[in-house]
Structure formats: C-alpha cells, structure tokens
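I have placed the structure first, in the form of structure tokens, so that the comments after it can refer back to it.
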Amino acid sequence: MNMKPIVKARANENMVDFFPPTPRKDLPYGFMKLACGLVLFMAGTVLGMAMRAQFNWYFTSHTELFFPEKIYSADCERETMILKYFVKPIHLMHKMTDDELFWRATLLPKVQEYPFKRVPKVAFMFLTRGPLPFSSLWDVFFKGHEGLFSVYVHALPDYQINVPKNSSFYQRQIPSEEVQWGSVTLLEAEKRLLANALLDFSNERFVLLSESCIPVFNFPTVYDYLINSAHSFVQSYDDESPRGRGRYNTKMHPTIELSQWRKGSEWFELNRELAIDIVADYKYYRIFQKLCRPSCYPDEHYIPTYLNMFHGALNANRTVTWVDWSRLGPHPATYGRESITESFIKSIRNSGEICKYNNEPTSICYLFARKFAPSALEPLLNLTSTVMDF
C-alpha cells in the first residue's frame with residue numbers, strides 16, 4: 001500500500017525533468033491533436049505538389065519519348081496560328097477532305113492591303129500518273145528564280161516522286177486521289193491542285209501541266225507574260241460537231257443552255273480571281289458530275305463552259321500550251337528523241353500565228369508544249385541554252 005505514492009512521485013519527477021512547464025500546458029488534448037493533423041496534412045500537400053511539379057517537368061521534357069505523334073500535332077496546330085504559315089503553308093501534305101480544302105482555299109480577306117511583303121508567284125501544277133520524265137528540264141528552267149514560282153504535283157495516291165533534294169519538285173506532292181481519263185475525277189484533281197495552290201496567298205497565276213509538257217521560253221519571259229496579262233488563258237469555243245454540241249446533255253437545261261455549251265483544251269492558265277471562283281463552284285460542277293459522262297468529257301467542257309457563262313471578258317479564249325492534233329484520233333501526236341531539233345522547237349516558239357495579248361497582236365502565242373516522250377529529254381536539254389534561252 002505504501003508503494004503507490006512512491007511510484008507516482010517518481011513519475012512526476014520524470015515529467016518535470018523532460019517536459020518543463022509552458023504557458024500552453026493546459027490546452028485541451030483534442031485541440032493539440034487537430035493542430036498536429038493540420039500540420040501533417042499541409043506538409044503532405046506541399047511535398048505532393050513538389051513531387052508532382054518534378055514529375056510534370058520530367059514528363060513534359062521527355063514527351064517525344066512517350067507520345068511523339070501528339071507533340072507533332074501540337075507543333076502543326078501552333079504553326080497555323082502564325083501568320084507566315086497561314087499565308088504560305090510549309091507542309092503540302094494535310095488531312096483535309098476536299099470539301100474542307102475547297103472551303104479553306106476560297107477564304108477571301110476583306111482588307112485589301114497585305115500585312116506582309118507579297119511578291120506575285122506563278123503556280124506550276126502538274127497532273128501526272130507517276131514519274132515526271134522532264135523534271136530535270138524544268139529544274140533548269142526554274143533555276144535562279146526562287147520566290148517567283150511554286151510547284152504542285154498531283155500523282156497517284158501511293159506514288160512517291162523520286163527526285164533529288166535540290167529539285168524544285170522535292171516534297172511538292174499534294175494529297176491525291178485516283179484519276180481516270182475521260183471521267184469527272186480529272187476535274188476533281190484539277191480543283192484539288194488549284195485549291196492547294198490557293199493556300200499560298202502569293203500565288204497569282206495558275207498553270208495546269210502534264211508530265212509530257214515542256215517550257216519553250218525561259219522563265220522571265222513566261223513570268224512576265226502571265227503576271228502582266230489582263231486575261232486568263234482558257235480555250236473556249238462553240239463546236240457544232242458531235243464532239244462539241246453533240247456531248248451536251250439536254251437534262252442540263254435550263255441551268256446550262258446549249259448555246260452556252262463550250263469546248264476547249266484541258267490545259268489551262270488562270271488568274272487568282274478565276275481560280276477561286278472555280279474551286280468555290282458546286283452548283284455547275286455537280287451538274288457536270290452527274291450529267292457529263294462518256295462520251296462527254298468533263299475536263300474539255302466544264303471550265304470552258306463555266307467561264308463562257310460568267311467570266312468571258314476575263315478570258316483570252318485561247319490556250320498557251322501548244323499541241324499537235326493534225327494526226328486526228330482521240331490523242332495528240334507524241335514527239336520523241338528523233339523529232340527534237342532546233343527548227344522544231346523554233347517552230348513552236350514562233351508558230352506563225354498572230355494572237356491577242358492584252359488586246360494587242362503578238363506572235364508569242366505558246367509558252368509551253370506537249371506531248372513529249374521521255375526519250376526527248378536529252379536532246380531538249382541540249383537546246384535549252386541555244387534555242388530556249390535558259
């Protein structure tokens with residue numbers, strides 16, 4: 001019985017030794033427990049935030065290792081917010097549908113003055129199935145005139161053009177679809193080329209060419225001729241034969257009258273205003289899509305008829321691409337190695353015709369020519385400096 005007070009006294013003595021009295025000694029136990037809990041919670045929160053910030057920094061700095069495609073897409077989205085990428089896209093490949101592309105290409109700014117230095121360019125648009133046998137000839141033609149032209153190539157969807165990195169054709173393919181001769185898919189390809197070229201706001205003139213086309217004058221002559229022209233160059237004429245009016249579908253009436261129906265060469269040249277108008281047109285295009293089928297060839301009738309109906313005054317009503325139809329048949333004559341002579345090229349440059357340029361007579365009627373076989377490349381390269389002056 002006498003032991004209990006002694007144990008209690010020793011315990012109190014120990015408490016005095018290790019926990020001296022403080023003014024808060026009498027605080028309730030529950031309050032102290034709550035305070036300790038809050039301190040622990042705040043410490044955990046701060047530690048968690050610090051660890052999360054460190055993790056986010058590491059993860060963000062190594063995103064390419066985890067999600068390389070995501071960061072690529074983000075870069076592309078940031079590019080579109082910069083003016084220079086909006087007025088001149090760097091990457092020709094995109095994932096827009098034709099409808100999205102045509103809508104984007106036909107946007108027109110209300111402000112007339114450009115907020116950047118705009119140098120008008122000529123867009124050279126190549127519609128081809130596969131190889132471009134005259135790419136090296138065109139490279140000689142383009143050399144030294146960078147900033148005054150753009151190149152666009154519509155080939156088969158899975159085809160990759162094989163050219164050196166210093167070629168004007170390097171990485172200049174656009175998203176494409178299958179094309180069949182004589183069908184409306186040719187029109188689709190033409191509109192696709194125009195729309196992609198329109199994305200570059202500096203492109204002022206648009207020339208459609210094939211893999212068998214060549215230039216017959218040097219670049220300065222071609223550039224000045226097109227940039228300074230008050231008219232576009234689309235052949236459009238009334239052909240009363242079965243190959244002209246005979247292809248008209250009476251179901252087009254009354255939207256398109258027989259008297260408005262026109263025929264012309266597929267290989268056109270347009271200014272920016274008309275290029276936008278053609279890409280933006282759905283009403284008349286869908287009529288051709290539905291009613292102009294073999295033996296009606298849409299590529300020979302749609303643009304000639306459309307311009308005749310609405311923009312005749314802006315059209316020179318002729319083509320600037322020479323071709324030989326003298327041998328008759330569904331296709332023009334093709335010229336190979338044995339046909340390429342100095343006199344032959346000169347006869348194209350000065351065909352003996354007198355045509356109108358800005359309402360004045362001129363003997364320079366053709367800037368390009370077709371149709372040439374791949375074997376013609378070497379002799380043509382030998383004539384660039386002596387006849388074609390490039």
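When hydrophobic clusters are built by joining Ile, Leu, Val, Met, Phe, Trp and Tyr residues whose side-chain heavy atoms come closer than 4.5 Å, directly or via intermediates, Tyr152 is grouped together with Leu270. Grouping the Ile, Leu, Val, Met, Phe, Trp and Tyr side chains by contacts below 4.5 angstrom, directly or via other members, places Ile278 with Leu108. Using a 4.5 Å cut-off between side-chain heavy atoms of Ile, Leu, Val, Met, Phe, Trp and Tyr, with links allowed through other members, Trp322 and Leu226 fall into the same hydrophobic cluster. Under a hydrophobic clustering in which Ile, Leu, Val, Met, Phe, Trp and Tyr are joined whenever their side-chain heavy atoms come within less than 4.5 Å, directly or via other members, Val320 and Phe268 fall into different clusters.
When hydrophobic side chains of Ile, Leu, Val, Met, Phe, Trp and Tyr are connected at separations under 4.5 Å, Trp325 ends up clustered with Val323. Chaining together hydrophobic side chains whose heavy atoms lie under 4.5 Å apart places Leu107 alongside Trp103.
In terms of the side-chain contact (heavy atoms from CB on, under 4.5 Å) criterion, residue partners of Thr341 (sequence neighbours excluded) are, by chain and number, Ser343, Phe344. Remark: Ile227 pairs with Pro120, Val122, Glu204, Arg205, Tyr223 by the side-chain contact (heavy atoms from CB on, under 4.5 Å) rule, at least two apart or across chains. Applying the side-chain hydrogen bond (donor to acceptor under 3.5 Å, both in side chains) criterion to Lys371, with sequence neighbours excluded, gives no partner residue. Residues forming a salt bridge (Lys or Arg N to Asp or Glu O under 4.0 Å) with Glu342 (at least two apart in sequence, or on another chain): Lys346. Residues forming a side-chain contact (heavy atoms from CB on, under 4.5 Å) with Thr221 (at least two apart in sequence, or on another chain): Phe217, Asn218.
Taking the six-membered ring where the residue is Trp, Phe124 and Phe219 present tilted rings, their angle falling between 30° and 60°.
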Could you pull out every donor-acceptor pair under 3.5 Å between side chains of residues 328-337 and any protein atom, sequence neighbours left out?
| from | atom 1 | to | atom 2 | distance (Å) |
| --- | --- | --- | --- | --- |
| Tyr335 | OH | Asp324 | OD2 | 2.4 |
| Arg337 | NH2 | Glu378 | OE1 | 3.3 |

Could you list the donor-acceptor pairs under 3.5 angstrom formed by side chains in residues 125-142, with sequence neighbours left out?
| from | atom 1 | to | atom 2 | distance (Å) |
| --- | --- | --- | --- | --- |
| Thr128 | OG1 | Gly130 | N | 3.2 |
| Thr128 | OG1 | Gly130 | O | 3.2 |
| Thr128 | OG1 | Pro131 | O | 3.4 |
| Ser135 | OG | Leu132 | O | 3.3 |
| Trp138 | NE1 | Cys213 | O | 3.1 |
| Asp139 | OD1 | Ser167 | OG | 3.3 |
| Asp139 | OD1 | Ser168 | N | 2.9 |
| Asp139 | OD1 | Ser168 | OG | 3.4 |
| Asp139 | OD2 | Ser167 | OG | 2.9 |

Side-chain polar contacts of residues 194-202 - donor-acceptor pairs under 3.5 angstrom, sequence neighbours left out - could you list them?
| from | atom 1 | to | atom 2 | distance (Å) |
| --- | --- | --- | --- | --- |
| Asn196 | OD1 | His94 | NE2 | 2.9 |
| Asn196 | ND2 | Arg192 | O | 2.8 |
| Asp200 | OD1 | Ser202 | N | 3.0 |
| Asp200 | OD2 | Lys121 | NZ | 2.6 |

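Here the side chains of Ser176 and Leu156 are not in contact, with every heavy-atom distance at 4.5 Å or above. Contact check for Arg118 versus Val87: no side-chain heavy atoms found under the 4.5 Å cut-off. In this structure the side chain of Leu209 reaches within 4.5 angstrom of the side chain of Phe368, judged on heavy atoms.
For the residue pair Asn308 and Ser236, no side-chain donor N or O sits within less than 3.5 Å of a side-chain acceptor on the partner. Defined by atom type and a distance below 3.5 Å, a donor-acceptor pair is present between the side-chain atoms of Tyr282 and Asp99. For the residue pair Gln173/Tyr159, the side-chain donor-acceptor check at 3.5 Å is not satisfied.
In this structure, Lys84 forms no cation-pi arrangement with Phe116, as its terminal cationic atom is not both closer than 6.0 Å to the ring centre and no more than 45° off the ring axis. Tyr114 does not carry Lys88 over the face of its six-membered ring by the limits of under 6.0 Å from the centre and within 45° of the normal. Annotation: cation-pi geometry not satisfied between Arg243 and Tyr237 (NZ/CZ under 6.0 angstrom from ring centroid, within 45° of ring axis).
Although no hydrogens or angles enter the test, the distance criterion places a donor-acceptor pair under 3.5 Å between the side chain of Tyr357 and the main chain of Tyr225. Looking at Ser232, its side chain does come within 3.5 Å of a backbone N or O of Asn271 through a donor-acceptor pair.
Annotation: disulfide bond (SG atoms under 2.5 Å apart) contacts involving residues 293-346, sequence neighbours excluded, comprise Cys292-Cys296. Every pair tested for disulfide bond (SG atoms under 2.5 Å apart) that includes a residue from residues 112-199 fails, sequence neighbours excluded, so the list is empty.
Shown here for Tyr366 and Thr321, the closest heavy-atom pair between the two residues is CD2-C, 3.8 Å.
Checked against a 6.0 Å centroid threshold, the rings of Tyr284 and Trp261 do not count as neighbours.
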